[in-house]
Amino acid sequence: MNTLFFNLRWAFRSLLHTPVFSLTVILTLGLGIGANTTVFSLMERRLLRSMSVPEPSRLMVVTEFKDVGFDNLSWPDYRDLERETQSFSALAAVASGSVNLTGDGDPERVRSGRVTWRFFDVAGVRPFLGRAFTEEEGGQNGPKAVVLTHAFWKRRFGADPTLVGRSIRLDGEDVPVAGVLPEGFRVPYQVGSSEVFVPLRLASDQQEQRGSHFLGGIGRLKPGVDPKLARQEVNGIIQRLAAAYPNTNAGYQGKVVSVQEETTRNARPVLFALTGAVLFVLLIACGNVANLLLARSAAREREISIRAALGADRQQLMGQMLAEGALLALFGALAGLVLARYAMVGLLTLIPRSPMDGPALDGPMVAISLATGFLSVFLFALLPAWQGSRVNLESSLREGAKGTGGHAQKRLRRALVTAEVALATTLLAGAGLMIRSLSVLQQVDPGFQSDRVLTAAIALPHAKYGTPDLQRDFLDRLLHRARQSPGVVSVAAVDTLPLGGSTSTSTYQLDGQSGDGESPHTQVLEVTPAYFETMGIPLLRGRSFQAQEGGVAVVSAAFANRHWPGQDPTGHQVSFDGSEGPWLSIVGVAGNVHTKGIAQAPGPQLYRPMLNPAGGAIGFFTLTLRGDASPEALTPGLKAALRELDPDLPLSQVRAMPAIIEQDMSEFRAQGVLFGAFGLVALLLSGVGVYGVTSFLVTQRTREIGIRMALGAQIRDVLHLIVSQGVRTLALGLLLGLGTALLLGRLLQSQLYGITPQDPLTHLLVLATLGFIGLLACLIPALRAARVDPAEALRSE
Amino acid sequence: MSDPIIHLESIKKVFSTDEVETHALSEVHLDIREGEFVSIAGPSGCGKSTLLSILGLLDTPTSGTYVLNKQAASGLKLSERARIRNREIGFIFQSFNLIGDLTVFENVELPLVYRGMPAAERRTRALNVLEDVGMSHRARHLPSQLSGGQQQRVAVARALAGKPSILLADEPTGNLDSANGESVMELLKELHRRGSTICMVTHDTRFAHAADRTVHLFDGRIVSEEEARKQHTA
């Protein structure tokens, strides 16, 4: 303890006496630790903190799937599953939605979770105030009820404890508040952003259509039940349904995975790739610091020898050097924490409304930073301490002896730089691939003209707009009124906005096909006539809808190519209700639109007229307005138009279309920025590493260079002597790094768009950039060596 | 007669490089008894420093027997050698070898820290030896703030702090002007008078003769030993 105190005191003083060295090391470590703290905090928030329920490992997504992206349940399938399964203590169907809250204060569109009555049993939570839904409330015609999240209760009702039992006005109806959930409650699957929960109520057709897959399924495993057995059981049920209802269910399989896995699946590959990237940054930083410490211990060889001569054993010598390492790591961790704090602020700006919201600096971040700092001590300080404590006492205590660190240290320093260059090459290649991918993605045509388009969502409360006729009439009047607003060129409505986060798919049948066998899927959108014009979606053939027209459809190019490649599909018919119809005539072909995401290839799409007099309910729609200038300028006019028609209706999600595209690409951009930043840090650090080692080499060989020059060596000979050694180290590092990059690149495959992990241009650019920086880092000390005054060098010993 | 503190028998040291073997020491026999002041003299390259390094356990002989304070010094582990250096030997180097980042006081207490001595005892001991060498008033200074002679006095204090069995001084006046050299030699003589055992390497005959006994080395061998009053050829 005594010695430890002394070691720390000496170490502190010694670091104060060499401020340039100390600051260089602290900043280098700060970069490495900061990068790790940022990414590990991101992982902790995204993977661990996203769900706050008891025993989250027992919480399972229980659903069916056919193709990737089509893994929702239909209501009849859910009911069968609920009845037959034995593996779960509770099962619930969930869907996201939204409701209009009116009454006290401004009308507000509130995100709602529509859930069957046992949802809170599945989640394993009891309300903090009041109660959960009763079975009666869960019935399709049961009494109304709402359960509020703690945050919403606080925000909107000022945490009023008397609210439970009273009613609030949702969608124009009084709904009794049954309970308030505990603070922090969150189940990220489908209803993760809900502010209120209401019982799942479905239209009569939704209750019957087995082919309409739009519900999420979630279940709590019975204690002791193996998820594999549950998966087998659910799959068996789904297979039986597929055999019983081949028209709608053929090809479906059961799926049981933990909610945690399901909701973080998309984020995992990139988070793991980022983890790899920051570990590389940390290793490179530690390599640099280890090199600096080796050089320092070589320079301090004499001091170390004196200590040894006075009786310090190797353990004590290493202890002192490790104490310096620990102090450096501590300050590095603090610097890293500061860097990480600003990086998190930047990230939260880059990824709006991300599930990792929260303060930019918190307890786990501090813990991660200190843990990374602690780990880094082993990475950078142990080897130099071990090497430094191996001194030749007899020679280094002699008058005039000069610390060189010996051949072993030189080899170690070169090996460290080779490893640094290799790591930097791999990391830069990964960063290059991500940035190239982002650049390709930015060139993707979304299939519509986003500029000058404003979008806003409106939900029509059933109490006031209870029939499709009333809804259509309101929508028609709203479109007409909004069209007259200043600056509006055209107005339309769509039920699911492209890149809006949700899509609706259905199975269908074409004319001339038998109803047997597997039915194909398509995304279905309901739109008003001016939709294609407003969104700037090209009509490739035929026409759009006319006002009040029914029994017609416009299909996308992908839909047309699937069934009639190279032919005109207009005149063909499509049915969503089997061979009995009703049949929709195809009247036009529109261009393909990226509806699920810019990075996802558009699938087949079919548009139906929303204002069809024989059509169904229009409970929720998104208005799209094309203006003659900035889309944001259209907002006041739209609000005024809506207020004129119904002052109780809130506008929600008022966003310009370019902003929606931006948000869709925000995660890609954040990944690109992060990888780019880490790549730059790696480039900088490895350049400094090569420079440091070459520079140290020059210092050590000053006398030798003087002798060579005295013997007639030219400047080019000296340059060659120094640069050739550096280039060998550099080349070996580049080669090793390239090999690793090609091997590890496959791990990034799922995150790349439009390029392969072996993209030759990216790898060539990386080699050229690193090679250039490395060469420069060799050349600067070599030029210094070439300016050595032979007389001066020969005098210096 | 008491047992010798240092007993060397047939000590040989050979340095081997590629194809050349250099015999730095050959058949060296030497005893140093408690309270003796022995100087080792000889021309450059005769093996004086090598002999001192072996005596100080900084280096190991190629062959021969070395007994330090009744304990065989051969075959010791590195940690044991460090412990013996700390407890039995006090070093005084030609170039002082004080640690620049530490104050005078900290330099002196350093061997005691490695010994694990409690802080209060360490402080008393360090201040006492600094008082002995006349440097207590400079305890808070850094070595760079002292003259060469003062630095060597601090080095002597550091060597004395651990109350070693023997002081090994390697050309202790080599980096000093004559006045400071004389002063340091006076200090060593005073320590000797108070009972310290000293072994000093020097090529300066004036100072070599200050010792009770002078051992002359030439080409790695002891060629003569000369006592203060009488002389015999080895």
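Since the structure is predicted, the reported quantities are computational estimates derived from the model, not experimental observations. Residue numbers start from 1 in every chain, and the chains themselves are labelled A, B, ... in the order their sequence lines are given, proteins ahead of strands.
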Of the backbone (N, CA, C, O) and the side chain (C-beta and beyond), which part of B:Arg158 lies under 4.5 Å from a heavy atom of chain A, both, or neither? side chain
Does a side-chain heavy-atom distance below 4.5 Å link A:Phe5 with B:Val113? no
Pairwise side-chain contact, B:Glu106 with A:Phe6, heavy-atom cut-off 4.5 Å (strictly under): no
Search all heavy atoms of B:Phe93 against all heavy atoms of A:Ala309 and return the closest pair with its distance. CZ-CB, 4.0 Å
To the nearest 0.5 Å, what is the distance between CG (A:Asp313) and CZ (B:Arg81)? 13.0 Å
If you compare all heavy atoms of B:Ala82 against all heavy atoms of A:Ala312, which two are closest, and at what distance to 0.1 Å? CB-O, 3.8 Å
Answer yes or no: does atom NE2 of B:His141 have more than 12 heavy-atom neighbours from other residues, nucleotides or ligands under 6.0 Å? yes
B:Leu102 versus chain A, heavy atoms under 4.5 Å apart: side chain, backbone, both or neither? both
List the steps and the verdict of side chain to side chain contact (heavy atoms under 4.5 Å, CB included) for A:Arg302 and B:Asn97. CA-CA 8 Å; A:Arg302 192 183 181 98; B:Asn97 279 343; 3.0 Å; yes
Can you tell me which portion of B:Glu88 sits under 4.5 Å from chain A's heavy atoms? Options are side chain, backbone, both or neither. neither
In terms of heavy-atom proximity below 4.5 Å to chain A, should B:Glu171 be classed as side chain, backbone, both, or neither? neither
Does atom CD (B:Gln145) have a neighbourhood of more than 12 heavy atoms from anything else shown, all under 6.0 Å? yes
Minimum side-chain heavy-atom gap A:Leu310-B:Arg85 below 4.5 Å: no
Residue pair A:Gln316 / B:Tyr114: nearest heavy atoms and the distance that separates them: NE2-O, 3.0 Å
Please report the shortest heavy-atom distance between B:Thr103 and A:Arg13, naming the atom on each side. N-NH1, 4.1 Å
